[in-house]
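Just so we're on the same page: letters track the sequence lines, and every chain starts at 1.
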Protein chains: 2
Amino acid sequence: MTTLKQLEAFYWAATSASFLIAAQRLHVSQSSLSKRISELEGQFGRQLFDRSGHKATLTEAGVILLPLARRLLNTADELHTTMADDSRASGHCRFGVGEHTSLTWLPDFVALARKTYPNLILEPSVDIGSALEQHVDHGVFDFAVIAGLSSCSAIATKPLADVRFHWAGAPSLVGKQKKLTAAMLREVAIITMPVGAGATRMADLWLTENNFEVARRLTCNSLAAIAGLVIAGVGIGLFPESWLREGQGHQALVRMTSDPPLPPLRYYLHWRRDDTRPLVARLRGMVEQVADFSKPNALWPPVKPAVKVRG
Amino acid sequence: MTTLKQLEAFYWAATSASFLIAAQRLHVSQSSLSKRISELEGQFGRQLFDRSGHKATLTEAGVILLPLARRLLNTADELHTTMADDSRASGHCRFGVGEHTSLTWLPDFVALARKTYPNLILEPSVDIGSALEQHVDHGVFDFAVIAGLSSCSAIATKPLADVRFHWAGAPSLVGKQKKLTAAMLREVAIITMPVGAGATRMADLWLTENNFEVARRLTCNSLAAIAGLVIAGVGIGLFPESWLREGQGHQALVRMTSDPPLPPLRYYLHWRRDDTRPLVARLRGMVEQVADFSKPNALWPPVKPAVKVRG
DNA sequence: CACTCTTACGGCACCCGTAAGAATC
DNA sequence: GATTCTTACGGGTGCCGTAAGAGTG
């Protein structure tokens, strides 16, 4: 008898980058997934994948089966949406966020998800936008929060918030006017996340469109590390507004103005359009609820001098 | 994870007369079926059946699930219809036929089905039409061949053939004209299958509509036995035309004419509308191919005197 | 040689059927 | 007491993961 497990295995194998990634998404071993597909092929009496090449590709029969399997899985998901009491749902959820998210509302989301689904195992990963997007597309992540839109039509998106970024430097570098000028850019290094990150793409666009020349570029994949570099006077860094808010943030990090100002960066929830699992859909809904990018970040608490010295 | 087996069990339990009958149709033990339903209830966190009474009835949640399960099973069946190579399908098929069918084309059907699906186990039952219909409705049979239409809207039908029936008697009873008159009916017993049989219903209608009075009625559930009674001179019997064909049949059974003639009896293939299993659908198609009610019957071969004595 | 998928195999978990139990009519 | 469904339990098998194998680029 054909089972939903088998069809699920086939579907994700057919639409993921490899059997291995499909297996990871389904939380089974790769050999188990391979076996499930073999069973299907046995039942149908035909090959679903052509294994002659380096990687398996769909045969004609596989192409026919793909939409049928999708329909069946859809129907099964609808049934679950209606019937299932998933308050005690167990399972895994893998998702990706940028570093900014990881330091603002990620704990809120995890807390809410854990409270709603105590048996669910959450597996967040922090990475830059381009890597997150690829992992969503390949089926590694159930969803991801990424700055900017996806270029892939198989990925659905929903806007979450606009976040303002600003340049900031150490007091000694910033000067009195706290304004980033073209002259400064020609002298001082600027430090950003790697090129795949949404904020970096936005900043590069801003630099290009305004014909700013940049002396040196430094990239680092940790925003906290960048803050350390900036404080040490290595250069000017790019930070979300919440890191630089008045009365909060490290006194050694001074927000600068620029002309024109940096445009706001829009964050989107990304997920594979063909992922209809109801539980994941609810988790995505919870992301929308708690996604507050203006929260004071966790690593960078409001600094009130521990001992206030008067006079 | 919810499985198709579980939903199948639920669906047939909900639409069959009892868990036991549903289990028989699915070829599993009743306890196994019960367990599958319990598992569903566990997953959904609600009762699907109300077990307080003598027999289980659907709860509100069960009523909601029923069409969803039906849809999922339909989708799964469509997938199988497209993909499955069922030439080597294994399984069981239970069906019912009337005695006339059992003695004409049933062997042809069994032969064809066994040839097409060597691993399929066929389980034909012979009974009268009303019993067959009930068994189809309750899910015991996958299909049945019955004279006349069903009164139940859940049963689909397809006409197979019109069969003519005739009265026949022993030569001593029939007389020269071989005509059944109202006078004869008042004197001689008529012998038919039990009241639930289609031919009997047809004959009763004929008697009533023509205001014939009948001296005595005998019923017997075996057509061969009725033939024996008729030949012994007990009364006049009702037989399908193929039993009485010229040059065939037992010489001691003489076909009679009647005024008005008996109307033809239409045989229909009956099955549960909600049974969408592709294999069963193909078997039903095979029934249509081989259903030849005018075949000489198996028990009643053309009688050619074993030894022809001349002179 | 890195990567992808298959095969072999030991172990465990699940599911099945038998049989006894509980509840209803 | 007959019927209907559940529970308990032993047994078998099907499925999973580990690990090694085969083939490709």
Interatomic distance where [atom1] belongs to [X] and [atom2] belongs to [N] [whole Å]:
X: A:Asp50; N: D:dT24; atom1: CG; atom2: P; value: 11 Å
X: A:Gln30; N: D:dG21; atom1: CD; atom2: P; value: 17 Å
X: B:Leu26; N: C:dG17; atom1: CG; atom2: P; value: 11 Å
X: A:Met1; N: C:dC15; atom1: CE; atom2: P; value: 13 Å
X: A:Ile21; N: C:dC3; atom1: CD1; atom2: P; value: 12 Å
X: A:Leu20; N: C:dA2; atom1: CG; atom2: C1'; value: 13 Å

| said: According to side chain to side chain donor-acceptor pair (under 3.5 Å), does anything in residues 18-27 of chain A pair up with another residue at least two apart or in another chain? List the pairs. | reply: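 Counting only pairs at least two positions apart or across chains, the side chain to side chain donor-acceptor pair (under 3.5 Å) contacts touching residues 18-27 of chain A are A:Arg25-A:Asp142, A:Arg25-A:Asp275.
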| task | Applying ring-ring contact (aromatic ring centres under 6.0 Å, His included), name anything that partners A:His135, two or more places apart in sequence or on another chain. | result |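 ring-ring contact (aromatic ring centres under 6.0 Å, His included) list for A:His135, sorted by chain: A:Phe141.
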| said: For B:Phe19, give me all partners under ring-ring contact (aromatic ring centres under 6.0 Å, His included), at least two apart in sequence or on another chain. | reply: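 Result, ring-ring contact (aromatic ring centres under 6.0 Å, His included) vs B:Phe19: B:Phe49.
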| Within residues 50-77 of chain B or reaching into it, pairs that qualify as ring pair (Phe, Tyr, Trp, His ring centres under 6.0 Å) - sequence neighbours excluded |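 Sorted result for residues 50-77 of chain B: empty, none.
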| request: Report, as a single string ordered 5' to 3', how protein heavy atoms within less than 4.0 Å touch nucleotides 20-25 of chain C: B base, S sugar-phosphate only, - not at all. | output: ----BS
| query | Which letter, B, S or -, goes with each nucleotide of nucleotides 8-16 of chain D from 5' to 3', with contact meaning a protein heavy atom under 4.0 Å? | reply | -------SS
| task | Write out all pairs satisfying salt bridge (Lys or Arg N to Asp or Glu O under 4.0 Å) with one or both partners inside residues 119-135 of chain B, taking only residues at least two apart or from two chains. | result |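 Every pair satisfying salt bridge (Lys or Arg N to Asp or Glu O under 4.0 Å) with a residue in residues 119-135 of chain B: B:Arg94-B:Glu123.
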| said: So, using side-chain hydrogen bond (donor to acceptor under 3.5 Å, both in side chains) as the criterion, who are the partners of B:His80 when residues are at least two apart? | reply: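 Testing B:His80 for side-chain hydrogen bond (donor to acceptor under 3.5 Å, both in side chains), a comparison that skips the adjacent residues, returns A:Thr2.
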| Note: B:Arg46-B:Glu60 ion pair, threshold 4.0 Å (strictly below) |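 Salt bridge flag = no for B:Glu60 with B:Arg46.
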| Test side-chain contact (heavy atoms from CB on, under 4.5 Å) applied to A:Gln47 - qualifying residues, sequence neighbours left out |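 Per chain and number, A:Gln47 pairs via side-chain contact (heavy atoms from CB on, under 4.5 Å) with A:Glu41, A:Arg51, A:Thr59.
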